[in-house]
Amino acid sequence: MNGYEYNEKSHYDDEPEPGSFVRAFDAFPKSKPQYVTRTSGGGKWTVAMSLVSLVLLWSELGRWWQGEESHTFAVEKGVGHSMQINLDIVVKMKCKDLHVNVQDAAGDRILAASRLQEDATAWSQWVDAKGVHKLGKDSHGRAITGAGWHDEGFGEEHVHDIVAMGRKKARWGKTPRLWGAEADSCRIYGSLDLNRVQGDFHITARGHGYAEAGQHLDHNAFNFSHVISELSFGPYYPSLVNPLDRTINLATAHFYKFQYFMSVVPTVYSVQRGSGSAPAERTIFTNQYAVTEQSKEVNERLVPGLFFKYDIEPILLHVEERRDSLLTFGIKVVNILSGVLVACHWGFTLSEWLKEVVGRRRRKQSEGVIGAKDHYDD
């Protein structure tokens, strides 16, 4: 009797107290431990749910970390009057034998040699440098397609990497010391402020290309083989990679003409945190360009040298990276876990129902005559 009273008291203790007003609104019913049964099927579905949740969470974390990039083209509204060009090139000729000039569509001619730095150097110190390659090919001679693995991932750099590299201090590298080597080449580097119009930046030999007073350079001294370490437009960002950076081109004759045709597109890179119309946290203004090359041997009636022809496109490319806030990311994680939990619960319920249906059919088929008689007796 005492045992019965103890069990009954324990039973009533599990129920909500009569005077509890808050427990009456409990939307999460609890099952007593004696009513819960653990099955192997439920364990398998739990393991599957955990694996699916981990995969989806990892995928969502990667997407959030990488952010979403959007590319927008628009007509450039601003009116620009000047543009900066950054050049770092080594030509296999002595500095005193070279002329560097700019001729633009406005008719202005700029003696670029007076604004750029020229250092005597040795060709061997540049031609075998790490990463030097021909235009359109890597350092191993393979065609550059933009596919494959890069330091920042597959394809191009992420916008936040570009913005971060753009914040580094701009400084030109020092010319390597000769250490007894012969100075057979000339390094030309620096920045120029030009008119923001179509133009032609060229490097020619002394006494060729312009009618100027001075000694006529012997044709046997022509060798316009060159290594381009930097060629960019706009503010100088040493860490940003441009199509002509680290490229080499060799002249097979004294009268050889290298021509590069470039289409320059003003570009804005920005990184924004959160969604909506929140202002960008970091922004850099620069220029991208596409380039094609046409190089060939010419006769003595034409002017050999290096010719960089550039044209400014009247469009603006805005590359923006957006990344959700931590609160938004947490909400998405909760939604993912909830969806997986509901889906696996339905899967477990359907699998148990299907197992029960198949089990009933098998039992009916195995009952035989005796089973049928018991059925009629019922």
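Remember, it's a predicted structure, so these values are computed and weren't measured experimentally.
Taking 4.5 Å as the limit, every side-chain heavy atom of Thr72 sits out of range of all side-chain heavy atoms of Glu320.
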Give every donor-acceptor pair under 3.5 Å between a side-chain atom in residues 42-49 and any protein atom, sequence neighbours left out.
from	atom 1	to	atom 2	distance (Å)
Trp45	NE1	Ser351	OG	3.2
Thr46	OG1	Gly42	O	2.8

N/O donor to acceptor pairs below 3.5 angstrom from side-chain atoms of residues 294-305, sequence neighbours left out:
from	atom 1	to	atom 2	distance (Å)
Ser295	OG	Glu293	OE2	2.8
Asn299	OD1	Arg301	N	3.0
Asn299	OD1	Leu302	N	3.4

With a 3.5 Å cut-off and sequence neighbours excluded, list the donor-acceptor pairs that the side chains of residues 85-94 form with protein atoms.
from	atom 1	to	atom 2	distance (Å)
Asn86	OD1	Gln84	NE2	2.7
Asn86	OD1	Ser191	OG	2.7
Asn86	ND2	Ser232	OG	3.0
Asn86	ND2	Gly234	O	2.9
Asp88	OD1	Arg187	NE	3.0
Asp88	OD2	Arg187	NH2	2.9

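Hydrophobic clustering, defined by side-chain heavy atoms of Ile, Leu, Val, Met, Phe, Trp and Tyr closer than 4.5 Å, leaves Val334 isolated from every other such residue. Val358 belongs to a hydrophobic cluster whose remaining members, ordered by chain and number, are Trp353, Leu354, Val357; membership requires side-chain heavy atoms of ILVMFWY residues under 4.5 Å apart, directly or through intermediates. Trp179 belongs to no hydrophobic cluster, as no Ile, Leu, Val, Met, Phe, Trp or Tyr side chain comes under 4.5 Å of its own. Grouping Ile, Leu, Val, Met, Phe, Trp and Tyr residues whose side-chain heavy atoms lie under 4.5 Å apart, directly or via other members, places Val342 in a hydrophobic cluster with Trp346.
In this view, Gln117 and Asp119 satisfy the side-chain hydrogen bond (donor to acceptor under 3.5 Å, both in side chains) rule, not counting sequence neighbours. Glu118 meets the side-chain hydrogen bond (donor to acceptor under 3.5 Å, both in side chains) test with no other residue; sequence neighbours excluded. Not a single side-chain hydrogen bond (donor to acceptor under 3.5 Å, both in side chains) links Ser229 to another residue, sequence neighbours left out. For Tyr310, there are no side-chain hydrogen bond (donor to acceptor under 3.5 Å, both in side chains) partners two or more places apart in sequence or in a different chain. Not a single ring pair (Phe, Tyr, Trp, His ring centres under 6.0 Å) links Trp126 to another residue, sequence neighbours left out.
Residues Tyr289 and Leu192 fall within the same hydrophobic cluster, defined by Ile, Leu, Val, Met, Phe, Trp and Tyr side chains chained together at heavy-atom separations under 4.5 Å.
The line from NZ of Lys332 to CH2 of Trp64 is 11.5 Å long, rounded to the nearest 0.5 Å.
Ring to ring, Tyr260 and Phe258 are not that close: their centroids are 6.0 angstrom or more apart. Aromatic pair His345/Phe348: centroids not less than 6.0 angstrom apart.
Below 30°, between 30° and 60°, or above 60°: for Tyr236 and Trp172 the angle between ring planes is below 30°, a parallel geometry.
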